[in-house]
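Chain letters run A, B, ... following the sequence lines, proteins first and then strands; every chain starts at 1. FYI, side chains are in, hydrogens and waters are out, and symmetry mates aren't considered; it's all heavy atoms of this structure.
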Amino acid sequence: MKVMNENVELEIKLPKLRDIELVADKALEQMGSYFGIPYDKIGEARIIVNEAIINSLEHAGEENPFVHVKFIMTKEKLIILVSDKGKGFNPGEIESPDIKKKITSNNKRGWGLKLMKSMSDNLVIESGESGTKISIIKNLI
Amino acid sequence: MSAEFNLISELYDKVLVLKTEGYINNTGGEKIAGEFSKYSGIEKVILDLEKSKVVNSIGISYLIEVIEKLSQINGKMVFTNLDPAIEKTFKIMGIFQFAEKAGSVDEALK
């Protein structure tokens, strides 16, 4: 972890292991504590990060079963970058889930993107055949 | 690495109280759904999340499964001691259209 005057940056390469997202989750909690970020804001950031990592690990494939995660945190803002080298996906093709349909559907999953979008202040997905990069900004004040 | 998840269940007539501890991921969610399926005639499930501060959407999908089964018999799920970020997650997903929340297990039992 690189600590500067007003920034804390962290980069980690996570292998595809069960519950590995908790490594990033704990790091984020620690960084939030360092800056005294309000509990609810860091909690929302943790939800975003968990969903982003789970999503990327699902798409990472077996050839490159890793996800790169980078956090840049200030007192005011958190930038989250999550990338994988999987086959990519078209975010425009993902239907926004509706609880009224999901409650009776056999497939009750598919909430990750909706949660990431709703909890963040800006979200950009760049995805292609060589991988996917998710860039997220979460305001912390 | 894997997260530890514990579940305590208490039965009060037709009310099942489930107290979780730890990460509600696919494993945690599956344990909750599995515990619910052990009982018949349950009309209310109180899910106390006081000791669960981390969830993911895959874990929550199992909770939706329990909510679906309860709604088929006009039963309901009540969440208690929700962490603010988890409460916001449930709101975004629209879960409170089909489930309720209460401040404590005692309040939910009333």
Side-chain angles (χ1 to χ4, degrees), chain A residues 12 14-29 32 37-58 78 94 96-120 123 138 140, chain B residues 1-5 21-33 36 45 49-77 79 81-100:
Chain A
I12 29 178
L14 298 174
K16 198 171 184 174
L17 295 176
R18 187 156 57 107
D19 298 335
I20 197 70
E21 65 275 12
L22 292 181
V23 172
D25 181 84
K26 285 289 164 204
L28 197 52
E29 194 178 21
I37 305 298
Y39 181 78
D40 58 333
K41 289 288 180 188
I42 213 68
E44 291 170 21
R46 290 169 69 188
I47 297 274
I48 295 168
V49 166
N50 277 354
E51 295 298 328
I53 293 172
I54 291 166
N55 189 67
S56 282
L57 283 172
E58 274 191 5
L78 171 67
I94 294 177
S96 182
D98 177 347
I99 189 70
K100 286 176 185 151
K101 289 180 186 168
K102 285 287 183 189
I103 204 110
T104 53
S105 165
N106 287 330
N107 176 19
K108 293 181 167 38
R109 291 179 54 179
W111 295 93
L113 192 55
K114 179 170 182 156
L115 288 173
M116 282 189 272
K117 276 184 185 169
S118 302
M119 294 265 191
S120 64
L123 179 141
K138 172 72 181 168
L140 299 174
Chain B
M1 79 176 285
S2 67
E4 196 176 330
F5 180 82
E21 183 177 359
Y23 188 20
I24 302 183
N25 54 4
N26 56 329
T27 310
E30 209 168 348
K31 282 186 181 171
I32 292 166
F36 169 72
V45 172
L49 301 182
E50 186 177 15
K51 293 180 180 174
S52 285
K53 304 299 177 193
V54 194
V55 299
N56 69 36
S57 59
I58 302 172
I60 299 170
S61 67
Y62 286 93
L63 307 187
I64 298 174
E65 192 179 300
V66 177
I67 292 169
E68 179 193 14
K69 286 176 182 161
L70 283 164
S71 68
Q72 287 166 351
I73 53 152
N74 290 321
K76 62 180 176 182
M77 180 176 269
F79 295 101
N81 290 305
L82 282 171
D83 185 87
I86 297 176
E87 185 171 339
K88 186 167 180 176
T89 302
F90 288 174
K91 268 186 199 162
I92 291 166
M93 294 173 74
I95 282 181
F96 294 125
Q97 292 175 47
F98 294 92
E100 296 176 8

Identify the heavy atoms of A/Gly112 and B/Ser57 that sit nearest to each other, and give their distance.
N-OG, 4.0 Å
Does atom NZ (B/Lys88) have a neighbourhood of more than 12 heavy atoms from anything else shown, all under 6.0 Å?
yes
Side chain, backbone, both or neither of B/Tyr23 within contact of chain A (heavy atoms, under 4.5 Å):
side chain
If you compare all heavy atoms of B/Ile58 against all heavy atoms of A/Glu58, which two are closest, and at what distance to 0.1 Å?
CD1-OE2, 4.0 Å
If I compare all heavy atoms of A/Arg18 with all of B/Thr27, which pair ends up nearest, and what's the gap?
NH1-OG1, 4.3 Å
When rounded to the nearest 0.5 Å, the distance separating OG1 of A/Thr104 from CD of B/Gln72 is 9.5 Å
Given that the side chain runs from C-beta out, which part of A/Glu44 has a heavy atom under 4.5 Å from chain B: side chain, backbone, both or neither?
both
Okay, A/Lys100 and chain B: the region with an atom under 4.5 Å from a heavy atom over there is both
Which atoms of A/Ile54 come close to chain B, meaning under 4.5 Å heavy atom to heavy atom: side chain ones, backbone ones, both, or neither?
side chain
Any idea which heavy atoms bring B/Met93 and A/Leu115 closest together, and the distance?
CG-CD2, 3.9 Å
Report the C-alpha separation of A/Met119 and B/Thr89 in whole Å, then their side-chain angles, then the decisive distance to 0.1 Å, and conclude whether the side-chain contact (heavy atoms from CB on, under 4.5 Å) test is met.
CA-CA 8 Å; A/Met119 294 265 191; B/Thr89 302; 3.1 Å; yes
Atom NZ in A/Lys102, atom CD1 in B/Ile60: separation rounded to 0.5 Å?
13.0 Å
Atom pair NZ/CD of A/Lys108 and B/Glu68 - distance to nearest 0.5 Å
3.5 Å
Most contact-rich option vs chain A, by heavy-atom pairs under 4.5 angstrom, among B/Ile95, B/Asn56, B/Ile86, is B/Asn56
Chain A interface, residue from B/Asn26, B/Asp83, B/Val55, B/Ile67 that has the most non-hydrogen pairs under 4.5 Å
B/Asp83
Atom CD1 in A/Ile103, atom NZ in B/Lys69: separation rounded to 0.5 Å?
12.0 Å
Turns out that what part of B/Asn25 lies under 4.5 Å from chain A's heavy atoms comes down to side chain
Does A/Trp111 form a side-chain contact (heavy atoms from CB on, under 4.5 Å) with B/Ile64? I'd like the steps, not just the answer.
CA-CA 12 Å; A/Trp111 295 93; B/Ile64 298 174; 3.8 Å; yes
Heavy-atom contact with chain A under 4.5 Å, split by part of B/Gln97:
side chain
Nearest heavy-atom approach of B/Ala85 to A/Gly43 is CB-C, 3.4 Å
For A/Arg109, is it the side chain, the backbone, both or neither that has a heavy atom under 4.5 Å from a heavy atom of chain B?
both
